[in-house]
Amino acid sequence: MKQKPVNLKGKEGFEEYYSQLYGKRWEALKEAFPKENQSVEYKVPDAEKSYFLDSASVLAALCLPVKGAENILDLCAAPGGKTLVLASRMDKEAKLSANERSGDRKHRLDVVVQECLPPDISERIITSCSDGSTWCTRQQECFDRILLDAPCSSERHVYLDNKYLSEWSKARVKTVSMEQWALLSNAYRLLCQDGILLYSTCALAPDENDRMIEKLVKKFNKEGNSFELLPMNPDVTEIEKFVKINIPEVEKTEYGFQILPDVTQGAGPIYFSIIHKLKSCYS
């Protein structure tokens, strides 16, 4: 008789699920979670205020090349840290659309854009409040660079909050991954030919990371000529004049890269994959 799959829930389920994924390393990861992360002060010249974010988040955003891009999209932008990294590096003629589906979080995004960027940059940022998973019903192939920092399970925060930990379930990972796929497949359709999309999460579950890119390969890259995955090539020189950052250790995964706090003095976790949409031979 076929056994029913175990419905993992709560603290015990959380422990069992992630210990199966990470083995002996899971204990080291848990020990790293409560430690202070590698916070970076991101202070754009002539901006009113600084913004503090994890060095892993800065590195991930630096891996989306924006030089030469005219229309940039941050699809799930709040609270705004990665938006700042993109905006501070984009060309003077470029425009950035920063979207957030939550009204409250969109307000926070607006404040960050106005306070942490100088006027000559903030005036070229358009913020919006909409469901990013439905944009492709109105537009397609209209952005040459896209950052999708997708909502995720955020296990480090769950582990440190007893309320969220008690409410955790394996089913939640499945629900979140379905939402991520809707956003990722939408973002890919919004991406221009020869454009670049960076997909990232702060999740530990492969279902939210490499498996998302694997699904993208199966859906859009069946012949192997629709897109390619790019190597990591962050241009730290673009920000080194106004930001001090210690580059955290990066681990290669099947389809992307991961930064884990047990070997980075607290930075992360962050996963990201860099997707280059190739020009169609029929265009």
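For the atom pair Met212 CE and Ser185 OG, the distance stands at 9.5 Å (nearest 0.5 Å). Once rounded to the nearest 0.5 Å, the distance linking CD of Glu155 with CZ of Phe14 reads 6.0 Å. Remark: Ser97 OG to Gln139 CD distance equals 8.0 Å, nearest 0.5 Å. In this structure, OG on Ser226 lies 5.0 Å from CG on Asn221, to the nearest 0.5 angstrom. From Glu214, atom CD reaches atom NZ of Lys218 across 4.5 Å, with rounding to the nearest 0.5 Å. Interatomic distance, CD1 of Ile245 versus CG of Leu59, reported as 6.0 Å (0.5 Å rounding).
Under the rule for a ring-ring contact (aromatic ring centres under 6.0 Å, His included), the partners of Tyr188 that lie at least two apart in sequence or sit in another chain are Phe220, Phe227. For Asp46, the side-chain contact (heavy atoms from CB on, under 4.5 Å) partners are Pro118, not counting sequence neighbours. Remark: Glu27 pairs with Lys30 by the salt bridge (charged side-chain N to carboxylate O under 4.0 Å, His left out) rule, at least two apart or across chains. Here Ser19 pairs with Trp26 under the side-chain contact (heavy atoms from CB on, under 4.5 Å) rule; sequence neighbours left out. With sequence neighbours excluded, the residues that form a side-chain contact (heavy atoms from CB on, under 4.5 Å) with Glu48 are Glu115. Glu141 is linked by a side chain to side chain donor-acceptor pair (under 3.5 Å) to Lys277, counting only residues two or more places apart in sequence or in another chain. Under the side-chain contact (heavy atoms from CB on, under 4.5 Å) criterion, Asp91 pairs with Lys67, Glu93, Ala94, sequence neighbours left out. Every residue was checked against the salt bridge (charged side-chain N to carboxylate O under 4.0 Å, His left out) condition with Arg156, not counting sequence neighbours, and none meets it. Judged as a salt bridge (charged side-chain N to carboxylate O under 4.0 Å, His left out), and not counting sequence neighbours, Glu31 has no contacts.
Among the candidates Lys106, Glu100, Arg101, Arg138, the single residue satisfying the side-chain contact (heavy atoms from CB on, under 4.5 Å) test with Ser130 is Arg138.
Other residues, nucleotides and ligands contribute over 12 non-hydrogen atoms within 6.0 Å of the NZ atom of Lys252. Atom NE2 of His276 has more than 12 neighbouring heavy atoms from other residues, nucleotides or ligands inside a 6.0 Å radius. Residue Asp104 places its CG atom among 12 or fewer non-hydrogen atoms of other residues, nucleotides or ligands, all under 6.0 Å distant. By the 6.0 Å contact criterion, OH on Tyr164 is open, its count of non-hydrogen atoms from other residues, nucleotides or ligands being 12 or less. In this structure, Arg89 places its CZ atom where more than 12 heavy-atom neighbours from other residues, nucleotides or ligands lie under 6.0 Å away.
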Using a 3.5 Å cut-off and no angle test, enumerate the donor-acceptor pairs between side-chain atoms of residues 71-85 and protein atoms at least two apart in sequence or in another chain.
{"residue": "Asp74", "atom": "OD2", "partner": "Thr83", "partner atom": "OG1", "Å": "2.6"}
{"residue": "Lys82", "atom": "NZ", "partner": "Asp149", "partner atom": "OD2", "Å": "3.0"}

Would you list the atom pairs, donor with acceptor, under 3.5 Å between side chains in residues 261-271 and any protein atom, with sequence neighbours excluded?
{"residue": "Asp262", "atom": "OD1", "partner": "Arg25", "partner atom": "NH2", "Å": "3.0"}
{"residue": "Asp262", "atom": "OD2", "partner": "Arg25", "partner atom": "NE", "Å": "2.7"}
{"residue": "Asp262", "atom": "OD2", "partner": "Arg25", "partner atom": "NH2", "Å": "3.4"}
{"residue": "Thr264", "atom": "OG1", "partner": "Leu260", "partner atom": "O", "Å": "3.0"}
{"residue": "Thr264", "atom": "OG1", "partner": "Ala267", "partner atom": "N", "Å": "3.1"}
{"residue": "Thr264", "atom": "OG1", "partner": "Ala267", "partner atom": "O", "Å": "2.7"}
{"residue": "Tyr271", "atom": "OH", "partner": "Asp210", "partner atom": "OD1", "Å": "2.6"}

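Ile274 and Val66 fall within a single hydrophobic cluster, where Ile, Leu, Val, Met, Phe, Trp and Tyr are joined by side-chain heavy atoms under 4.5 Å apart, directly or via other members. Clustering ILVMFWY residues whenever any of their side-chain heavy atoms sit less than 4.5 angstrom apart, transitively, puts Val250 in a cluster other than the one holding Tyr22. Hydrophobic clustering, with ILVMFWY side chains joined whenever heavy atoms are under 4.5 angstrom apart, groups Tyr18 together with Val158. In this structure, Tyr199 is not a member of the same hydrophobic cluster as Phe272, with clusters built from ILVMFWY side-chain heavy atoms closer than 4.5 Å. In the hydrophobic clustering of this structure, Phe257 groups with Val236; members are Ile, Leu, Val, Met, Phe, Trp, Tyr whose side-chain heavy atoms approach within less than 4.5 Å, directly or through other members.
A donor-acceptor pair is defined here as one N or O able to donate and one able to accept, closer than 3.5 Å; no such pair exists between the side chain of Glu251 and the backbone of Ile259. Side-chain N or O atoms of Glu70 include none that pairs as donor or acceptor with a backbone N or O of Asp144 at under 3.5 Å.
The minimum heavy-atom distance between Ala69 and Arg145, with the atom names listed, is CB-CG, 3.4 Å. Contact between Gly132 and Leu183 at its shortest, heavy atoms only, is C-CD2, 3.6 Å. Between Leu64 and Leu198 the shortest heavy-atom distance is N-CD1, 3.8 Å. When all heavy atoms are compared, the tightest approach of Pro65 to Cys63 is CD-O, 3.2 Å. For Leu197 against Ala187, the heavy-atom pair with the smallest separation is CD1-CB, 4.1 Å. Closest of all the heavy-atom pairs between Leu229 and Ser273 is CD2-OG, 3.8 Å.
With hydrogens and angles left out, the side-chain atoms of Asn209 and Thr201 include a donor and acceptor closer than 3.5 Å.
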Begin from the C-alpha positions of Leu190 and Cys142 and carry the test side chain to side chain contact (heavy atoms under 4.5 Å, CB included) through to its verdict. CA-CA 6 Å; Leu190 290 170; Cys142 52; 4.1 Å; yes
Run Leu230 and Ile196 through side chain to side chain contact (heavy atoms under 4.5 Å, CB included) and show every step you take. CA-CA 9 Å; Leu230 297 180; Ile196 300 173; 3.9 Å; yes
Working for side chain to side chain contact (heavy atoms under 4.5 Å, CB included), residues Ser166 and Lys11: CA-CA 6 Å; Ser166 66; Lys11 182 178 180 179; over 6 Å; no
For side chain to side chain donor-acceptor pair (under 3.5 Å), just list the numbers for Asp110 and Thr127, CA-CA rounded to whole Å, side-chain angles, deciding distance to a tenth of an Å, and then say yes or no. CA-CA 7 Å; Asp110 287 333; Thr127 61; 2.7 Å; yes
Where do Lys219 and Trp181 land on the side chain to side chain contact (heavy atoms under 4.5 Å, CB included) test, with the steps shown first? CA-CA 11 Å; Lys219 175 70 175 180; Trp181 173 245; 3.9 Å; yes
Stepwise side chain to side chain donor-acceptor pair (under 3.5 Å) check, Ser133 with Asp131: CA-CA 5 Å; Ser133 66; Asp131 183 353; 2.7 Å; yes
Evaluate the criterion salt bridge (charged side-chain N to carboxylate O under 4.0 Å, His left out) for residue pair Lys163 and Glu167; output intermediate values, then yes/no. CA-CA 6 Å; Lys163 177 179 181 295; Glu167 295 173 349; 3.2 Å; yes
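Salt-bridge check for Glu208 with Lys174: failed, with every basic side-chain N at 4.0 Å or more from each acidic carboxylate O.
Judged as a side-chain hydrogen bond (donor to acceptor under 3.5 Å, both in side chains), the pairs with a partner in residues 32-44 (not counting sequence neighbours) are, in order, Glu41-Ser50, Tyr42-Ser88.
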